[in-house]
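Heads up: numbering here begins at 1 and tracks the sequence. Just so it is clear, the values below take in all heavy atoms, side chains as well, and ignore hydrogens, waters and symmetry mates.
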Amino acid sequence: MLVILLYFLMGYQLHFRDSRGNIELQLAESGTVELVQGAVVEQTFSMKTQRLREVSVQWGTYYRPNSGTATMELYNQNDGTLVLSKTFDVAEITEGGLTTMTAEEPIEGLYDVPLLLRVYADSESGTAASPLMSVSAGVSVNEGSEKGQTPFSLTVNGQPAEGVLCFSATGEDYIWTGLHYWKFAAAMGAVIGLYLLGTYWRWKQGKHSFLANALVAMQKYRFLIKQLVDRDFKAKYKRSILGVLWSFLNPLLNMLVQYVVFSNMFKFDIPNFPVYLLCGNVVFSYFSESCGMALTSIVGNAGLITKVYVPKYIYPLTRIMSSMVNLLISLIPLFVVALLSGLVPTKAYLLLPVPLLCLAMFCLGLGMLLAAAMVFFRDIQFLWGVLTTIWMYLTPIFYPVSTLPEAVQTVVKMNPLYFYVTFVRTCVINGISPEPVMYAQCALMGLGMLLIGAFVFKRSQDKFVLYL
């Protein structure tokens, strides 16, 4: 049922993504020619896009009112067929504006095919616009092309011209996961099924695996787990006048301060900036709080651990779970701010449990690692404060990644929280599902950290009583 639900919730983004072979608009440096009747501008090119969606051309108007009609045509040079065509009113073209011809349905079969973009008009001299061009980009776009790819070549009235037309061509590519979704789901189901059968068989043989022991312990100590979660949650707001209301106010106040500072000082041009900030704050606050609480979960429960036997991983687990309650409450102001910003809820909101559960796995793994280290090295609590500050600045909470230098972008994108924050923002702000690769990245980050933390914790837990 979850596999079927995920298939429909992911929708279009499961099958297609914006093509990495899209041709971006080059920086305009000059006009090509006043496009009067009889003048023609032609640009040859090819693109590695599986489904062409639209082609745009940028214009100069000489800062005057113009008249007439301009026509854009796109041809497949292999067989001479007309792929796209559209006519525009020259009077409506603005300085630096774009004219775009869009396919009713994305066009397939043009991957790496030689294409010809032709632009002409019927305007009179003095009332004609001019397609813009970039002289310096002519060499760079061809140097970036792969061997055998059709070169970018610009002609004006039949004569070769240096540079390239200022145009863009965009489309989409198929995603492998979407093409083979049901096969992939069946294979994953088979692997999980075999693992569970193996675990059950080992259980019958008296060989209890870590997973089986954990499930039995969760069932056996569920009352204790509930009490510890309640205790941690209530202790946080003990003797507080506003109490649980702080779970609403904290993310809102942080968002308000950051909005005032960063929207005025740095002038980041980010649509729906309050929601952008709040998404980052909600995710990072949960990470910081849950891991910080898990850090002291063993040392803080030394009295219980030395007197009563309880599986020790339950202590960091309950800290992660109590922080999850705060996270769920803080989602309410996030949704309220999103609504006030004009963002209409979509079915993508139902995908939010995916990144949040993966984040909880990541925090549990890191929390177990920190809790084990804290028993032997008490300096960890001070180092963690410094590390949290560094981690916050490496997480794109209040800035867009695109503004960073390329080398720094690479470092930021290695940060696991980058994927969780981006996933949440894609669902809430864009109202769509992320690409399938982000699901895999979130799951692998969470599962990987959980396995590392569980391994270290299990190997060191027998020594805890000697150091408490």
Side-chain angles (χ1 to χ4, degrees), residues 214 225 228-229 231-233 235-237 246-247 250-251 254 279-302 305 311-331 353-397 412 414-424 441-461 464:
I225 292 172
L228 290 174
V229 171
R231 183 198 68 180
D232 291 336
F233 184 74
K236 182 175 182 180
Y237 300 111
W246 282 112
S247 293
N250 271 333
N254 284 334
C279 288
N281 275 321
V282 165
V283 171
F284 189 83
S285 294
Y286 170 71
F287 163 77
S288 176
E289 178 189 287
S290 61
C291 291
M293 290 175 65
L295 173 69
T296 58
S297 59
I298 299 299
V299 174
N301 288 291
I305 292 172
K312 298 178 183 63
Y313 57 80
I314 282 180
Y315 296 107
L317 173 64
T318 55
R319 296 292 175 88
I320 302 299
M321 292 174 67
S322 63
S323 294
M324 179 62 77
V325 177
N326 273 331
L327 172 63
L328 295 177
I329 294 173
S330 64
L331 288 177
V354 176
L356 299 183
L357 287 174
C358 292
L359 175 62
M361 282 198 303
F362 180 84
C363 292
L364 177 57
L366 183 57
M368 293 171 76
L369 191 65
L370 291 170
M374 179 68 175
V375 175
F376 305 104
F377 310 103
R378 301 302 166 93
D379 292 342
I380 292 293
Q381 58 186 323
F382 306 112
L383 292 174
W384 175 245
V386 177
L387 182 60
T388 304
T389 303
I390 297 172
W391 210 320
M392 182 186 71
Y393 287 109
L394 286 177
T395 304
I397 297 174
V412 169
M414 292 171 64
N415 174 7
L417 293 188
Y418 165 79
F419 301 107
Y420 300 121
V421 171
T422 304
F423 197 122
V424 172
Q441 289 165 334
C442 289
L444 289 174
M445 291 288 182
L447 186 59
M449 180 53 73
L450 180 59
L451 291 175
I452 293 171
F455 175 78
V456 172
F457 193 89
K458 188 173 184 294
R459 292 294 297 269
S460 58
Q461 64 179 348
F464 288 172

For residues 360-379, which side-chain N or O atoms pair as donor and acceptor with protein atoms under 3.5 Å away, sequence neighbours left out?
residue: Arg378; atom: NE; partner: Met374; partner atom: O; Å: 3.1
residue: Arg378; atom: NE; partner: Val375; partner atom: O; Å: 3.4
residue: Arg378; atom: NH2; partner: Tyr467; partner atom: O; Å: 3.0

task = Tell me, please, which residues at least two apart from Tyr286 pass ring pair (Phe, Tyr, Trp, His ring centres under 6.0 Å).
result =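 Testing Tyr286 for ring pair (Phe, Tyr, Trp, His ring centres under 6.0 Å), a comparison that skips the adjacent residues, returns none.
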Which residues satisfy the side chain to side chain donor-acceptor pair (under 3.5 Å) test with Ser322, sequence neighbours excluded?
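None.
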Holding to side chain to side chain donor-acceptor pair (under 3.5 Å), I want the full list of residues that pass it with Ser323, two or more places apart in sequence or in another chain.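 Partners of Ser323 under the side chain to side chain donor-acceptor pair (under 3.5 Å) test: Glu289.
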- Message: Side chains of Pro396 and Val412, heavy atoms from C-beta outward: is any pair under 4.5 Å?
- Response: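 Heavy-atom side-chain distance check passes, below 4.5 Å.
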Going by heavy atoms in the side chains, are Ile305 and Tyr315 under 4.5 Å from each other?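 Counting from C-beta outward, Ile305 and Tyr315 do come under 4.5 Å.
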Side chain to side chain contact (heavy atoms under 4.5 Å, CB included) against [X], all qualifying residues, sequence neighbours excluded:
{"X": "Thr388", "value": "Phe284, Ser288, Trp384"}
{"X": "Val283", "value": "Leu359, Tyr420, Val421, Val424"}
{"X": "Gln461", "value": "Lys312, Phe457, Lys458, Phe464"}

When rounded to the nearest 0.5 angstrom, what is the spacing between [atom1] in [X] and [atom2] in [Y]?
{"X": "Leu331", "Y": "Cys279", "atom1": "CG", "atom2": "SG", "answer": "9.0 Å"}
{"X": "Leu327", "Y": "Leu356", "atom1": "CG", "atom2": "CG", "answer": "5.5 Å"}
{"X": "Cys358", "Y": "Phe419", "atom1": "SG", "atom2": "CZ", "answer": "12.0 Å"}
{"X": "Thr395", "Y": "Ile390", "atom1": "OG1", "atom2": "CD1", "answer": "11.5 Å"}
{"X": "Ile397", "Y": "Asn281", "atom1": "CD1", "atom2": "CG", "answer": "5.5 Å"}
{"X": "Leu417", "Y": "Phe287", "atom1": "CG", "atom2": "CZ", "answer": "5.0 Å"}

May I ask you to decide if Gly385's main-chain N or O and Thr389's side chain share a donor-acceptor pair within less than 3.5 Å? yes
- Message: Going by salt bridge (Lys or Arg N to Asp or Glu O under 4.0 Å), name the pairs with one or both residues in residues 315-324, residues two or more places apart or in two chains.
- Response: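 As it turns out, the salt bridge (Lys or Arg N to Asp or Glu O under 4.0 Å) pairs with a partner in residues 315-324, which skip direct neighbours, are Asp232-Arg319.
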